[in-house]
Number of protein chains: 2
Amino acid sequence: MIEAIQNTDAGGHVDAFRAIVGEAHVLTQPEDVASYLTDWTGLYRSTALAVVRPGTTGEVAELIKLCNARNIAVVPQGGRTGLCGGGVPLAGRASVVVSLTRMNAIRSLDPEGRTVTAEAGVVLETLHDAALKQGLIFPLMFGAKGSCTVGGNLSTNAGGSNVVRYGNTRELCLGIEAVMPDGSVINALTGLRKDNTGYDLKDLLIGAEGTLGIITAAVFKLYPAPRARSTAFLSVDKLESALTVLNRLQDHTGGGVEAFEYMPQPALDVICKVFPAIRRPLAGKVATGILVEVASSRPHDGEEMQDGSIRLEAEVMELLGGLMEEGLVLDAMMAQSEQQRADLWKMRESILEAITEAGPAYHLDISLPLARIARFVEEMDAEMDRLGFRPLTVGHLGDGNLHYALSATEGREWNALPLETAKEKVFALLAELNGSFSAEHGIGQSKLSVMTKLKEPAQLAVMRSIKCALDINNIMNPGKLLPPG
Amino acid sequence: MIEAIQNTDAGGHVDAFRAIVGEAHVLTQPEDVASYLTDWTGLYRSTALAVVRPGTTGEVAELIKLCNARNIAVVPQGGRTGLCGGGVPLAGRASVVVSLTRMNAIRSLDPEGRTVTAEAGVVLETLHDAALKQGLIFPLMFGAKGSCTVGGNLSTNAGGSNVVRYGNTRELCLGIEAVMPDGSVINALTGLRKDNTGYDLKDLLIGAEGTLGIITAAVFKLYPAPRARSTAFLSVDKLESALTVLNRLQDHTGGGVEAFEYMPQPALDVICKVFPAIRRPLAGKVATGILVEVASSRPHDGEEMQDGSIRLEAEVMELLGGLMEEGLVLDAMMAQSEQQRADLWKMRESILEAITEAGPAYHLDISLPLARIARFVEEMDAEMDRLGFRPLTVGHLGDGNLHYALSATEGREWNALPLETAKEKVFALLAELNGSFSAEHGIGQSKLSVMTKLKEPAQLAVMRSIKCALDINNIMNPGKLLPPG
């Protein structure tokens with residue numbers, strides 16, 4: 001059994017933590033800390049001197065200074081919904097978990113300037129709600145929204161299903177406040193749309209998975225809430241045509257595509273098998289299944305036209321009609337109510353649970369240039385089939401991002417399948433097609449070996465130089481993101 | 001007189017350059033190099049061992065390796081349209097100008113994936129033309145488009161008038177190829193929309209003004225060409241209302257605002273005085289003048305409606321009518337033809353020349369959070385008036401970016417005015433309001449002193465650590481962007 005807490009505190013470190021954040025906010029009892037020493041995946045568990053929950057940026061800075069002086073590893077933590085083990089300490093070194101969840105204030109919201117300043121511990125859904133109260137949206141959207149924090153979103157540059165329109169967390173963030181590995185505080189919470197005064201430290205810290213410092217607050221962009229939405233499930237004739245369909249939809253709606261999600265037949269099958277209550281959106285087999293959502297803030301788009309239809313929906317239907325005549329779209333179902341829309345999204349969001357329920361699977365989070373996705377899927381699906389795997393793929397197709405999950409073909413024994421060979425095949429084709437082996441989940445612990453193998457050595461060398469320069473004692477989330485040199 | 005070329009080449013450096021790029025591409029004759037040793041502003045002139053014009057990324061890498069080994073300063077250069085002296089060598093050290101203009105290939109254009117891969121020396125307008133041939137646009141847009149290069153755009157993270165919709169150069173770039181200060185080549189020309197595999201080196205190099213390496217090529221996003229445009233000149237009742245007008249326009253057009261340019265009365269006056277052929281868009285004095293352009297790729301937006309009007313224009317007019325009823329907009333002129341639209345833009349783009357013609361002026365390129373612009377302008381205009389200055393302001397108001405030019409009030413002698421005091425007042429209020437002292441022009445040489453004064457020491461320290469770690473011998477564009485520590 002793994003012990004949750006490192007037993008030796010010969011250095012009196014825990015007392016020093018208490019002096020900074022107060023006794024109540026330093027957790028050391030096994031029952032108190034257990035949940036902080038693992039994450040959503042359950043794959044990683046470890047030990048730490050303590051879990052410390054600072055309440056202010058000043059306290060974070062003091063903690064980091066202390067840890068830097070005493071050579072204690074600092075593991076920043078948000079909502080622990082990461083999928084790569086980035087928020088769990090490593091064994092073998094005195095570590096402290098710094099949980100940012102107490103820093104959960106929305107410091108200010110500027111409805112006219114359309115920005116919000118939130119502390120790292122704010123839960124994503126809380127930010128959604130705060131924006132919506134002003135008729136605005138914060139568009140970052142994915143399944144873990146009810147428990148993930150914006151600090152974690154920033155540290156992993158989280159993506160999700162609305163990236164095709166609004167970008168990743170990086171594009172949604174205008175400025176940050178952060179504590180660097182020496183305890184100095186960077187105050188760049190400016191909310192400026194243009195600022196060319198030196199190196200882009202904001203984007204360096206975003207996606208750095210806590211290895212270069214702790215982001216304590218950020219200014220985010222807000223957008224007007226849509227007045228009209230049109231959500232549909234399409235059966236496109238083949239994956240290659242999906243990009244044409246996406247481009248036509250984009251042009252036809254003035255860039256209004258908010259989601260363009262790939263849901264092919266095997267994914268639909270596993271969802272409907274595990275959750276029999278979920279109804280298939282289309283009768284019969286789909287060729288290339290796509291869940292698409294278009295939205296608009298234009299008041300006229302939400303208005304009823306003379307024939308009783310809503311303008312945005314009518315225009316989407318008109319376009320889909322044309323695409324069907326051309327043979328690019330074979331069948332389509334449009335959500336006719338908010339309930340039907342919710343059902344479509346429930347189906348999409350249940351996929352991870354369905355795959356997990358259905359049996360063992362290996363999850364890959366990859367991306368490709370848009371025009372190369374069809375080739376990748378065609379070649380790789382055939383290759384995986386030969387090896388005895390059944391790919392259960394869904395993906396944010398509008399961003400070229402596939403969640404490519406390998407399960408066992410029916411009748412095959414998972415443990416007997418050549419998983420390492422399969423991964424090598426995937427990574428080799430990705431490298432050939434200029435794809436990425438981690439599109440939105442990051443590196444953490446779980447992707448260090450593929451990082452070593454596939455990341456360009458020149459880029460790794462630059463990253464190591466930066467890490468060494470900024471974190472001389474290697475205290476910030478050591479052993480994550482960067483493989484040992 | 002300043003000599004163009006450093007006379008001593010005791011080290012045989014020039015021969016070594018010739019061995020790498022070929023004799024024809026190493027310029028040393030004063031008449032050949034003169035234009036490379038100054039820039040558009042004419043304020044900076046210097047000397048160099050030679051101007052070297054590599055033709056490939058491999059040649060750039062060899063050059064940098066050589067310079068790193070021999071401790072020669074490398075000054076990368078694009079179209080020399082920068083405004084801060086970033087592309088001109090400094091005296092006091094053996095330097096070589098590396099002009100990227102021979103690397104001007106568009107390596108590939110993917111109309112379906114909507115990306116283009118261009119070498120650093122491609123002129124911005126050439127990229128515009130290549131995109132347009134495919135019915136697409138590359139939306140980076142400003143006056144120097146006919147001579148600036150995309151490499152320079154990347155190095156300075158150039159902005160311009162379409163940022164409100166499409167973002168700065170940084171947001172338009174998906175990936176880069178770059179030569180680092182040790183001569184290693186980073187190949188991150190992936191064109192991926194999502195890629196979370198380590199630190200964001202792309203955004204670190206973008207805006208680094210050549211101090212961390214040379215960007216040799218990049219993948220850019222392309223967008224569908226608008227099918228409808230609506231361009232208007234508004235007299236808004238006061239600057240404070242402009243943000244409301246912007247937000248209403250954004251919501252009403254589904255985020256279709258492509259430009260929202262501030263042009264108050266003093267700017268109009270100086271333009272019309274210097275260029276009498278330019279006609280004022282509105283009769284009488286304007287309160288807060290705004291040049292606004294809305295565009296849409298939606299085919300229906302470009303269609304004629306039953307009453308003969310174009311849909312997008314009709315909707316903009318409807319909105320403006322409402323804003324006039326509310327008293328937020330006092331007067332408006334809508335371009336009724338492509339010629340009228342061109343005239344409005346010609347007026348906007350002639351401002352810098354008009355100010356320069358009109359007499360001495362000091363140009364500030366600043367930005368503020370959107371909601372604080374009105375306060376800044378009101379307070380600072382009054383303060384400048386007290387000091388004897390007349391601010392000639394224009395700006396990309398949608399991004400909070402003001403080009404705040406200080407000229408002498410009529411009847412005052414420029415040389416007798418307290419310019420340093422004026423600058424101090426501007427910078428003090430900027431600091432108080434969380435603004436930036438360089439919104440889109442960068443730092444170069446001209447803003448080093450204000451960088452020292454106003455940039456947060458903690459951020460400067462991080463920047464210096466990165467610079468030292470990646471450019472041990474300080475060969476890359478030394479003396480630019482970062483003030484001496």
Best-contacting candidate, B/Gln250, B/Arg227, B/Lys455, B/Gln459, against chain A by heavy atom pairs under 4.5 angstrom: B/Gln459
For B/Asn168, which atoms come within 4.5 Å of any heavy atom of chain A: side chain, backbone, both, or neither? side chain
Counting heavy-atom pairs closer than 4.5 Å to chain B, which one of A/Gly254, A/Gly113, A/Ala371 comes out on top? A/Gly254
Which pair of non-hydrogen atoms, one from B/Pro111 and one from B/Gln134, has the smallest distance, and what is that distance? CG-OE1, 3.7 Å
Select, from B/Pro299, B/Ala461, B/Gly191, the one with the greatest count of heavy-atom pairs under 4.5 Å involving chain A. B/Pro299
I'd like to verify something: which residue of A/Ala225, A/Pro226, A/Gly442 has the highest number of heavy-atom pairs under 4.5 Å with chain B? A/Gly442
Which atoms of B/Val462 are under 4.5 Å from chain A, going by heavy atoms: the side chain, the backbone, both sets, or neither? both
Taking the side chain from A/Thr253 and the backbone from A/Leu249, do they hold a donor-acceptor pair closer than 3.5 Å? yes
Tell me the residues of residues 197-205 of chain B whose non-hydrogen atoms fall below 4.5 Å from those of chain A, in number order. B/Thr197, B/Gly198, B/Tyr199, B/Asp200, B/Leu201, B/Asp203, B/Leu204
Which bit of A/Arg311 comes within less than 4.5 Å of chain B, counting heavy atoms only: side chain, backbone, both or neither? side chain
Among B/Ile373, B/Leu482, B/Ile186, residue most engaged with chain A (heavy-atom pairs, under 4.5 Å): B/Ile186
Short side-chain to backbone donor-acceptor contact, A/Lys194 and B/Ala158, under 3.5 Å: no
Counting heavy-atom pairs under 4.5 angstrom with chain B, the leader among A/Leu481, A/Asn247, A/Ile443 is A/Asn247
Pick one of side chain, backbone, both or neither for B/Arg372, based on which atoms fall under 4.5 Å of a heavy atom in chain A. neither
If you count heavy-atom pairs within less than 4.5 Å of chain B, which of A/Glu171, A/Lys447, A/Glu318 leads? A/Glu318
Less than 4.5 Å to any heavy atom of chain A: does that hold for the side chain of B/Thr156, its backbone, both, or neither? backbone
Considering all heavy atoms, the nearest B/Leu448-B/Pro483 contact: CD2-N, 3.6 Å
Is B/Leu243 in contact with chain A via its backbone, its side chain, both, or neither, using a 4.5 Å heavy-atom distance? both
Check B/Leu174, B/Leu109, B/Val219, B/Asp110 against B/Thr117 for a side-chain contact (heavy atoms from CB on, under 4.5 Å) and give me the one that passes. B/Val219
Under 4.5 Å from any heavy atom of chain A - which part of B/Arg165: side chain
Answer whether the closest heavy-atom distance between the side chains of B/Met180 and B/Val185 falls below 4.5 Å. no
Pick one of side chain, backbone, both or neither for B/Val450, based on which atoms fall under 4.5 Å of a heavy atom in chain A. neither
What part of B/Asn401 gets within 4.5 angstrom of chain A, counting heavy atoms only: side chain, backbone, both, or neither? side chain
How are the rings of A/His403 and A/His441 set to each other: parallel, tilted or perpendicular (split at 30° and 60°)? parallel
Heavy atoms only: give me the nearest B/Leu172-B/Tyr223 pair and the separation to one decimal. CD2-CE1, 3.9 Å
Is B/Arg298 paired with A/Glu315 through a side-chain N to carboxylate O contact shorter than 4.0 Å? yes
Heavy-atom nearest pair, B/Phe260 first then B/Ala242, reads CZ-O, 3.5 Å
Among the listed options B/Asp399, B/Asn434, B/Leu433, the residue most often paired with chain A at heavy-atom distances under 4.5 Å: B/Asp399
To the nearest 0.5 angstrom, please state how far the CD1 atom of A/Ile206 sits from the CZ atom of A/Arg170. 6.0 Å
For the side chain of B/Arg229 and the backbone of B/Ser296, is there at least one donor-acceptor N/O pair under 3.5 Å apart? no
May I ask you to decide whether A/Lys480 forms a salt bridge with A/Glu209, counting only side-chain N to carboxylate O separations under 4.0 Å? no
For A/Ala469 and B/Ser465, the nearest pair of non-hydrogen atoms, with its separation, is CB-O, 3.7 Å
What part of B/Ala188 gets closer than 4.5 Å to chain A, counting heavy atoms only: side chain, backbone, both or neither? both
Part of B/His300 within contact of chain A (heavy atom distance under 4.5 Å): side chain
In terms of heavy-atom pairs under 4.5 Å with chain A, the winner among B/Ala439, B/Ser436, B/Ser438, B/Ser367 is B/Ala439
I'd like to know if B/Arg375 and B/Glu432 make a salt bridge, using a cut-off of under 4.0 Å between side-chain N and carboxylate O. yes
Within this structure, what is the CG-CD1 distance for the pair A/Leu222 and A/Ile137, rounded to the nearest 0.5 Å? 9.0 Å
What part of B/Glu456 lies closer than 4.5 angstrom to a heavy atom of chain A: side chain, backbone, both or neither? side chain
Decide, yes or no, whether a salt bridge links A/Arg114 with B/Asp251 under the criterion of side-chain N to carboxylate O below 4.0 Å. yes
If you count heavy-atom pairs under 4.5 Å with chain B, which of A/Pro369, A/Ala178, A/Ser184 comes out on top? A/Pro369
Cut-off 4.5 Å, heavy atoms of chain A, and the answer for B/Asp301 is side chain
Contact winner vs chain B - A/Asp182, A/Leu212, A/Thr115, A/Thr211, heavy-atom pairs under 4.5 Å: A/Leu212
Using every non-hydrogen atom in the two residues, find where B/Gly159 and B/Phe142 come nearest and quote the distance to one decimal. O-CD2, 3.7 Å
Part of B/Met451 within contact of chain A (heavy atom distance under 4.5 Å): side chain
Largest heavy-atom contact set with chain A, pairs under 4.5 Å, which of B/Leu192, B/Ile466, B/Asn157, B/Thr190: B/Leu192
Tell me whether B/Asp471 contacts the main-chain N or O of B/Pro181 through its side chain, where contact means a donor paired with an acceptor under 3.5 Å. no
